[in-house]
Number of protein chains: 2
Amino acid sequence: MPEDAEQLLRQHGITVTAQRLAVLRAVTEKPHRTADDLAEAVRSMIGAISRQTVYSALQELAERGLIRRIQPANSPARYEDRIGDNHHHLICRNCGAVVDVDCPVGAAPCLKPCDDAGYAIDEAEVIYWGRCPACISDAGATAQRNSDPTNHS
Amino acid sequence: MPEDAEQLLRQHGITVTAQRLAVLRAVTEKPHRTADDLAEAVRSMIGAISRQTVYSALQELAERGLIRRIQPANSPARYEDRIGDNHHHLICRNCGAVVDVDCPVGAAPCLKPCDDAGYAIDEAEVIYWGRCPACISDAGATAQRNSDPTNHS
DNA sequence: ACCAAAAACTAGACATTGTCCAATACTGGA
DNA sequence: TCCAGTATTGGACAATGTCTAGTTTTTGGT
Ligand SMILES: [Mn+2]
Ligand SMILES: [Mn+2]
Ligand SMILES: [Zn+2]
Ligand SMILES: [Zn+2]
């Protein structure tokens, strides 16, 4: 059915397989998921996939520019299909929830350091760290009761 | 000899041990080193230290605000004693070399997203990605000969 | 439709970085 | 000096990702 997805892969020089189509669809369905979450999603689509294939597909899709990988501290890598707009991310220190933040500039690198130390800079990665609304109200309600990160994603 | 380091620890409520003094000194000696590198450095100072103790000391020092931990993608965590100025980093995609970049604002969070999605933001982490001078000239000189990251740190 | 070559998939071992835990050793105050 | 509280240690364990050899699938040409 997703005839266009097949063509999308081919246009980018990627050979079409059921696994890659499913991985791409999984990334598209919900942004910022981890490889493990994506593997789960793919299994519910096509029955089975090996861990290695998920990693390979994600790498291939990322290298060819169909998806983007983000690697926040204290989290496994996450993937999204919103690309080309150089947007940034807002991440909850407590539960790890990730939300998109538009970049006012758009093109990368959107910021320039005063002194680039001779480096050829191609990207300014910005991550805003804080607490999400759910974690804020959790803290207010139950105080220090449970200090373990809850899942608000 | 480093009488002041002992007092520094005590002032921050940290009990003084040879291991912690050495770890702190190692971090101070050279910024942006990994836990493993720091363990090596400490061993050359005091003979031996366990891996776990290095991690514990680094965490303790970081929690008490004596040092800072940075966790760039595709790299183990790195540590530095330059704190309180909210400075940023410039990292080589090829060899991983890290250099400091002053933050023009200073106070965190130095940037504000247009839409904070209800998050309470406490830090804007900025990482500039690119290629260091050494890797640039390596590429020019030896072309694609060796595509493996060289150590320019 | 069929075949061979090229590419992708799989399972399992392995690597890296970090954490948990129980036993032992040290530190700081009485 | 002695004791209670901390810190250190080694070893097991956890999480995430990579490598590899063998098998299966895809692709392009007949
Ligand atoms: Mn995003
Ligand atoms: Mn720094
Ligand atoms: Zn949260
Ligand atoms: Zn470099």
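Chain letters run A, B, ... following the sequence lines, proteins first, then strands; residues in each count from 1. FYI, side chains are in, hydrogens and waters are out, and symmetry mates aren't considered; it's all heavy atoms of this structure.
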Within the structure shown, what part of the strands sits under 4.0 Å from [X] by heavy-atom distance: base, sugar-phosphate, or nothing?
{"X": "B:Gln52", "value": "base"}
{"X": "A:Thr53", "value": "base"}
{"X": "B:Thr17", "value": "sugar-phosphate"}
{"X": "A:Ala57", "value": "nothing"}
{"X": "A:Arg51", "value": "base"}

Map B:Pro76 and B:Ile14 onto DNA chain C by nearest heavy atom, then report which one ends up closer to the 5' terminus. B:Pro76

Nearest heavy atom decides the nucleotide; on that basis, is A:Ala48 or B:Ala77 closer to the 5' end of DNA chain C? A:Ala48

Send over the distance from [X] [atom1] to [N] [atom2], rounded to a whole Å.
{"X": "B:Glu6", "N": "C:dT27", "atom1": "CD", "atom2": "P", "value": "10 Å"}
{"X": "B:Gln59", "N": "C:dT17", "atom1": "CD", "atom2": "P", "value": "18 Å"}
{"X": "A:Gln19", "N": "C:dA11", "atom1": "CD", "atom2": "P", "value": "11 Å"}
{"X": "A:Tyr55", "N": "C:dA8", "atom1": "OH", "atom2": "C1'", "value": "18 Å"}
{"X": "B:Ile49", "N": "C:dA25", "atom1": "CD1", "atom2": "C1'", "value": "14 Å"}
{"X": "A:Leu61", "N": "C:dC9", "atom1": "CG", "atom2": "P", "value": "10 Å"}

Can a donor-acceptor pair be found between the side chains of B:Ser56 and B:Thr53 at a distance below 3.5 Å? no

Under a plain distance cut-off of 3.5 Å, with no hydrogens placed, do B:Asp100 and B:His88 share a side-chain donor-acceptor pair? no

Check whether B:Arg33 reaches the backbone of B:Ala26 with its side chain - one donor and one acceptor, N or O, closer than 3.5 Å. yes

Is there a side-chain contact between A:Leu61 and A:Val27 in this structure, where contact means two heavy atoms from C-beta onward sitting under 4.5 Å apart? no

Salt bridge (Lys or Arg N to Asp or Glu O under 4.0 Å) pairs touching residues 44-60 of chain B, sequence neighbours excluded, are B:Glu60-B:Arg64

Among all residues two or more places apart in sequence or in another chain, which pass the side chain to side chain donor-acceptor pair (under 3.5 Å) test with A:Asp85? A:Arg82, A:His87

Outer limits of DNA chain D sitting under 4.0 Å from a non-hydrogen atom of chain A, read 5' to 3', are D:dT16 to D:dT27

Looking only at heavy atoms, which two atoms of B:Asp122 and A:Gly130 are closest? And how far apart? OD2-CA, 3.6 Å

